[in-house]
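What follows is a single structure, written as structure tokens, with notes after it.
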Amino acid sequence: MIRVLVAGAAGRMGREVVKAVAGDENLQLAGAVDFNHLGQDAGTLAGVGELGVVVTRDLAQTIKDTQAQVVVDFTNPDAVLDNIKTILNSGAFPVVGTTGLDQKDLDEIDQLARAKGLGCLVAPNFAIGAILMMKFAAQAAKYMPHVEIIELHHDQKLDAPSGTALKTAEAIMKVRESFRQGHFNEFEKIPGSRGGDYEGMRIHSVRLPGYVAHQEVIFGGLGQSLVIRHDSISRESFMPGVVLACNKILDYKGVVYGLEHLIAE
Ligand code: NAP
């Protein structure tokens with residue numbers, strides 16, 4: 001059994017992870033860390049009944065006390081980098097769903113993970129359909145390089161654009177040149193109307209109650225358009241990916257950026 005600790009265990013994603021870990025035959029819920037619901041049973045919070053694991057606050061201490069091997073982090077963009085360092089310095093393997101890390105952060109984590117002989121998965125999206133969307137978008141961009149991304153999330157999301165939108169844009173940039181899209185003389189009557197600019201590609205972020213995580217990648221060509229869309233309609237969509245990552249990350253060293261690398265091998 002792999003001993004798994006969940007950081008952010010009282011949050012929306014964390015509760016789903018607690019449920020998924022408790023339901024997997026190879027995984028054992030070892031600990032639960034959050035700033036909220038301290039002292040409460042993580043299983044009760046997740047709606048699966050008492051699991052005998054209470055929510056604690058101190059990540060390093062809880063990893064030590066529980067001898068967790070893998071720590072799944074779904075906290076928030078301000079906390080995630082420090083958490084990953086704490087996890088690696090405690091000798092555990094991070095599986096990270098929290099978004100907001102940039103390339104500099106990933107390089108720093110990679111160095112630390114390698115120095116410690118540990119693997120660290122960072123996955124902007126754990127849903128298999130979203131991974132396929134990114135792959136198909138990169139294929140389409142070879143033939144239809146004019147593209148804009150619209151990502152839609154619930155209104156409690158802190159960072160914009162989403163990690164998935166950024167990873168999609170990065171994948172597209174591997175197959176097309178950087179170039180300015182739209183009319184050369186276009187101007188914005190309201191600042192931000194054309195969205196964020198990533199190498200000439202526009203990314204638009206919608207935040208509304210009712211949404212979970214959705215994305216459209218829209219391609220335009222002469223007399224035609226192509227839309228690739230993925231919808232996570234519930235947080236369950238991420239759980240097979242999280243469980244797979246917990247089961248596989250022990251075999252890796254350094255940062256693995258994207259769940260697709262665990263699936264392909
Ligand atoms: P959430 O409901 O706000 O849950 C986060 C929980 O973590 C909160 O209870 C928060 O407490 C707690 N927390 C904050 N800092 C912490 C720390 N240092 N140590 C322990 N707990 C801490 O957020 P969510 O909707 O679950 O989303 C969490 C993250 O996952 C976001 O970055 C989101 O974008 C990402 N996400 C990723 C995927 C994916 O597939 N990769 C899918 C969905 C969401 P406070 O409220 O007191 O801060």
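Worth saying up front: this structure is predicted, and the values here are computed from it rather than measured. Ligands are counted one by one from 1 in listed order, and the atoms in each one are counted from 1 as well.
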(request) Answer with yes or no whether the side chains of Lys157 and Thr99 bring together a donor and an acceptor at under 3.5 Å. (result)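 Side chains of Thr99 and Lys157: pair found under 3.5 Å.
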
(request) Indicate, with yes or no, if the rings of His230 and Phe136 have centres closer together than 6.0 Å. (result)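 Ring centres of Phe136 and His230 not closer than 6.0 Å.
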
Show which atoms of ligand 1 fall inside a sub-4.0 Å distance from at least one heavy-atom site of [X].
X      : answer
Ala79  : 15 (N), 18 (N)
Asp34  : 6 (C), 7 (O), 8 (C), 9 (O), 10 (C), 11 (O), 12 (C), 20 (C), 21 (N)
Asn36  : 9 (O), 11 (O), 45 (P), 46 (O), 47 (O)
Lys157 : 34 (O)
Asn76  : 14 (C), 15 (N), 48 (O)

[X], any N or O under 3.5 Å of ligand 1 N or O:
X      : value
Ala127 : no
Met13  : yes
Arg12  : yes
Phe126 : yes
Thr98  : no

(request) Please confirm whether Ala213 comes under 4.0 Å of ligand 1, counting heavy atoms of the residue only. (result)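 No.
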
Does a sphere of radius 6.0 Å around [atom1] in [X] hold more than 12 heavy atoms from other residues, nucleotides or ligands, not counting ones at 6.0 Å or beyond?
X      : atom1 : result
Gln61  : CD    : yes
Ile233 : CD1   : no
Gln139 : CD    : yes
Gln224 : CD    : yes
Phe187 : CZ    : no
Gln111 : CD    : no

Nearest neighbour in protein (non-hydrogen) for [atom]:
atom                    : value
atom 33 (C) of ligand 1 : Thr99 OG1, 4.0 Å
atom 38 (C) of ligand 1 : Phe74 CE2, 3.7 Å
atom 17 (C) of ligand 1 : Phe35 CZ, 3.4 Å
atom 7 (O) of ligand 1  : Gly8 CA, 3.4 Å
atom 39 (C) of ligand 1 : Pro124 O, 3.4 Å
atom 28 (C) of ligand 1 : Thr75 O, 3.2 Å

When you look for heavy atoms under 4.0 Å from ligand 1, do you find them on the side chain of [X], its backbone, both, or neither?
X      : answer
Ala7   : neither
His153 : neither
Leu59  : neither

(request) Run down the list Ala130, Ser237, Gly11, Ala123 and name the one with the heavy atom closest to atom 4 (O) of ligand 1. (result)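 Heavy atom nearest to atom 4 (O) of ligand 1 belongs to Gly11.
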
(message) Can you check which of Gly97, Gly163, Gly14 brings a heavy atom nearest to atom 37 (C) of ligand 1?
(response)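 Nearest option to atom 37 (C) of ligand 1, by heavy atoms: Gly97.
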
(request) Spell out, as yes or no, whether a donor-acceptor pair under 3.5 Å connects the side chain of Asp73 to the backbone of Ala7. (result)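 Pair absent, no side-chain N/O of Asp73 close to backbone of Ala7.
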
(message) One thing to verify: whether Arg176 and Glu199 come together as a salt bridge, which I'm taking to mean a side-chain N less than 4.0 angstrom from a carboxylate O.
(response)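 Answer for the salt bridge query: no.
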
(message) Consider side-chain hydrogen bond (donor to acceptor under 3.5 Å, both in side chains). Of Glu186, Glu188, Gln181, which one does Arg194 pass it with?
(response)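 Filter result, single survivor: Glu186.
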
(request) May I ask whether Leu59 and Leu81 are part of the same hydrophobic cluster, defined by side-chain heavy atoms of I, L, V, M, F, W, Y residues being less than 4.5 angstrom apart, directly or through others? (result)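 Leu59 does not cluster with Leu81.
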
(request) Quick one: which residue pairs count as a ring pair (Phe, Tyr, Trp, His ring centres under 6.0 Å) with a foot in residues 82-123, not counting sequence neighbours? (result)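 Sorted result for residues 82-123: empty, none.
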
